[in-house]
S.K.: 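Pasting in a structure now, in structure tokens, and then I'll have a few things to ask.
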Amino acid sequence: MRPIFLTIAYLLIIASTETRAQMQLPGAVGAPTPAGQSIAPPTSAPRATPPSQGAYSGHFAAAKPPAPDSIVDKPFSLSGARGALQIERSGANLRISRLTAVGDKISRPNQSCEVSMGAEGPIGLKPLGVPDGVQRYELESTACPLQLDILSGAVRARSPNGACFFPQADCRIDASGLWGPAGSSFSDAQIKSIEKERGALERVMRTHFRTLLDKYKKDKPAAQAAIKEQAGFSSERAQVCRDYDREEAVGFCSLRLTEARDFRLQARLAGEAAAKADQPEKAARPARRPAPKPKPQAAPAPAAN
């Protein structure tokens with residue numbers, strides 16, 4: 001029954017992504033500047049050539065992740081509607097020049113509150129490498145050490161320790177989610193352009209997922225884990241993006257999380273390829289020669305009378 005269940009789960013994942021790809025969704029663009037002029041859409045990172053539908057060859061090179069240029073000096077809000085986030089450059093480093101998060105009062109959870117960080121000066125961002133296919137930074141703050149993934153024109157924030165508490169402000173905040181431009185900042189032309197981008201991205205992501213499954217065809221536990229992770233991504237994307245500003249009409253959040261998922265799959269494939277390349281090839285054993293057949297023994301001579 002387990003192989004049948006995995007097959008059904010895999011088909012459901014593919015069917016759901018094909019259905020979502022037909023939705024009218026937007027492209028990756030910047031928010032309007034304070035003067036009302038639109039910022040040009042960030043240049044999308046080059047994508048790796050989709051692998052063939054055949055067996056996994058063991059050779060894969062991941063595409064270059066989104067550069068910080070697409071998020072520097074851009075005004076972002078959590079879900080495009082709450083708080084404020086702005087990242088700036090300081091030489092070769094990144095830092096937060098403004099971070100305002102909305103939360104709930106500790107003493108009265110039914111009342112909202114607001115915490116501003118960076119008022120006394122910019123907050124540094126510590127680079128954590130590219131653990132999931134995109135560049136990750138950590139906010140250098142003991143009060144709220146957020147981790148930020150750099151996407152194309154947006155930032156995905158995670159809080160490893162859960163919600164952040166600020167007793168002096170009587171405020172509890174959860175800054176996890178997608179920080180990006182407001183949904184109202186997208187024009188009709190930009191919304192139409194992203195529909196095409198989302199459809200192409202969904203197809204590339206499905207191809208990379210199939211390739212990963214092909215790599216695990218002899219490893220059932222790994223294949224089960226990959227299918228479970230892909231199904232979990234669909235649920236996580238729906239949960240994170242359900243409150244994004246005008247998401248049903250614009251779809252910016254869904255696009256960016258799909259892009260992040262595809263980069264994660266690419267990083268996984270590249271890692272598997274590197275691990276395979278590091279394994280020493282087994283020397284081919286010489287063919288064993290068949291043992292020589294015993295010679296027939298001559299019949300004993302008859303005894304003399």
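Note that the structure is a prediction, hence the values are computed from the model and not measured. When a residue number appears, it is its place in the shown sequence, counting from 1.
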S.K.: Please name all residues satisfying side-chain hydrogen bond (donor to acceptor under 3.5 Å, both in side chains) with Tyr244, sequence neighbours left out, ordered by chain then number.
M.R.: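 Partners of Tyr244 by the side-chain hydrogen bond (donor to acceptor under 3.5 Å, both in side chains) criterion come out as none, since no residue qualifies.
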S.K.: Where the side chain of Thr100 meets the backbone of Ala84, is there a donor-acceptor pair that is under 3.5 Å apart?
M.R.: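 Answer holds: no.
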S.K.: Under a 4.0 Å N-O cut-off, is there an ion pair linking Arg198 with Glu202?
M.R.: yes
S.K.: Would you give me the side-chain donor-acceptor pairs under 3.5 Å for residues 87-95, sequence neighbours excluded?
M.R.:
{"unit_1": "Glu88", "atom_1": "OE2", "unit_2": "Arg95", "atom_2": "NE", "d": "2.6"}
{"unit_1": "Glu88", "atom_1": "OE2", "unit_2": "Arg95", "atom_2": "NH2", "d": "3.1"}
{"unit_1": "Arg89", "atom_1": "NH2", "unit_2": "Asp69", "atom_2": "OD1", "d": "2.9"}

S.K.: Give me each pair satisfying disulfide (SG to SG under 2.5 Å) with a member in residues 120-159, each pair once, sequence neighbours excluded.
M.R.: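 Sorted pair list: Cys144-Cys164.
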S.K.: Heavy atoms, side chains only, cut-off 4.5 Å: are Leu213 and Ile227 in contact?
M.R.: yes
S.K.: Identify all side-chain donor-acceptor contacts of residues 125-133 below 3.5 Å with residues at least two apart in sequence or on another chain.
M.R.:
{"unit_1": "Asp132", "atom_1": "OD1", "unit_2": "Arg264", "atom_2": "NH1", "d": "2.5"}
{"unit_1": "Asp132", "atom_1": "OD2", "unit_2": "Arg136", "atom_2": "NH2", "d": "2.9"}
{"unit_1": "Asp132", "atom_1": "OD2", "unit_2": "Arg264", "atom_2": "NH1", "d": "3.2"}

S.K.: For the residue pair His208 and Val204, establish whether any side-chain heavy-atom pair is separated by less than 4.5 Å.
M.R.: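 The answer is yes, as the side chains (C-beta and beyond) meet within the 4.5 Å cut-off.
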S.K.: Could you check whether Glu236 pairs with Arg261 (Lys NZ or Arg NE/NH1/NH2 to Asp/Glu carboxylate O, under 4.0 Å)?
M.R.: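 Salt bridge between Glu236 and Arg261, a charged N being under 4.0 Å from a carboxylate O: no.
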S.K.: Quick check: do Asp262 and Gln266 have side-chain heavy atoms less than 4.5 Å from each other?
M.R.: yes
S.K.: Is a side-chain donor or acceptor of Ser70 paired with a backbone partner of Leu151 at a separation under 3.5 angstrom?
M.R.: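 The answer is yes, because a donor-acceptor pair under 3.5 Å joins these two groups.
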S.K.: Quick check: do Met117 and Ile123 have side-chain heavy atoms less than 4.5 Å from each other?
M.R.: yes
S.K.: Is there side-chain contact between Pro145 and Asn161, with heavy atoms separated by less than 4.5 Å?
M.R.: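 The answer is yes; the side chains approach within 4.5 Å.
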S.K.: Is there a side-chain contact between Thr258 and Phe233 (heavy atoms, below 4.5 Å)?
M.R.: yes
S.K.: Between Ser77 (side chain only) and Gly83 (backbone N and O only), is there a donor and an acceptor less than 3.5 Å apart?
M.R.: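 A pair under 3.5 Å: yes.
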S.K.: Which pairs with one or both residues in residues 170-181 pass side chain to side chain donor-acceptor pair (under 3.5 Å), sequence neighbours excluded?
M.R.: Ser107-Asp170, Asp174-Ser176
S.K.: Answer yes or no: is there a side-chain heavy-atom contact under 4.5 Å between Phe166 and Cys113?
M.R.: no
S.K.: Using the rule that Ile, Leu, Val, Met, Phe, Trp and Tyr join whenever any side-chain heavy atoms are under 4.5 Å apart, tell me whether Leu85 and Val72 fall into a single cluster.
M.R.: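 Yes; Val72 is reachable from Leu85 via cluster members.
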S.K.: Are a donor atom and an acceptor atom from the side chains of Ser254 and Glu247 found within less than 3.5 Å of each other?
M.R.: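 Short answer, yes.
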S.K.: Would you say Gln111's side chain and Lys105's backbone share a donor-acceptor pair under 3.5 angstrom?
M.R.: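 Judged by distance alone, no pair lies under 3.5 Å.
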S.K.: Strictly below 4.0 Å, N to O, side chains only: are Arg256 and Glu259 in salt-bridge contact?
M.R.: yes
S.K.: List for me each residue that meets salt bridge (charged side-chain N to carboxylate O under 4.0 Å, His left out) alongside Arg242, sequence neighbours excluded, and say none if there are none.
M.R.: none
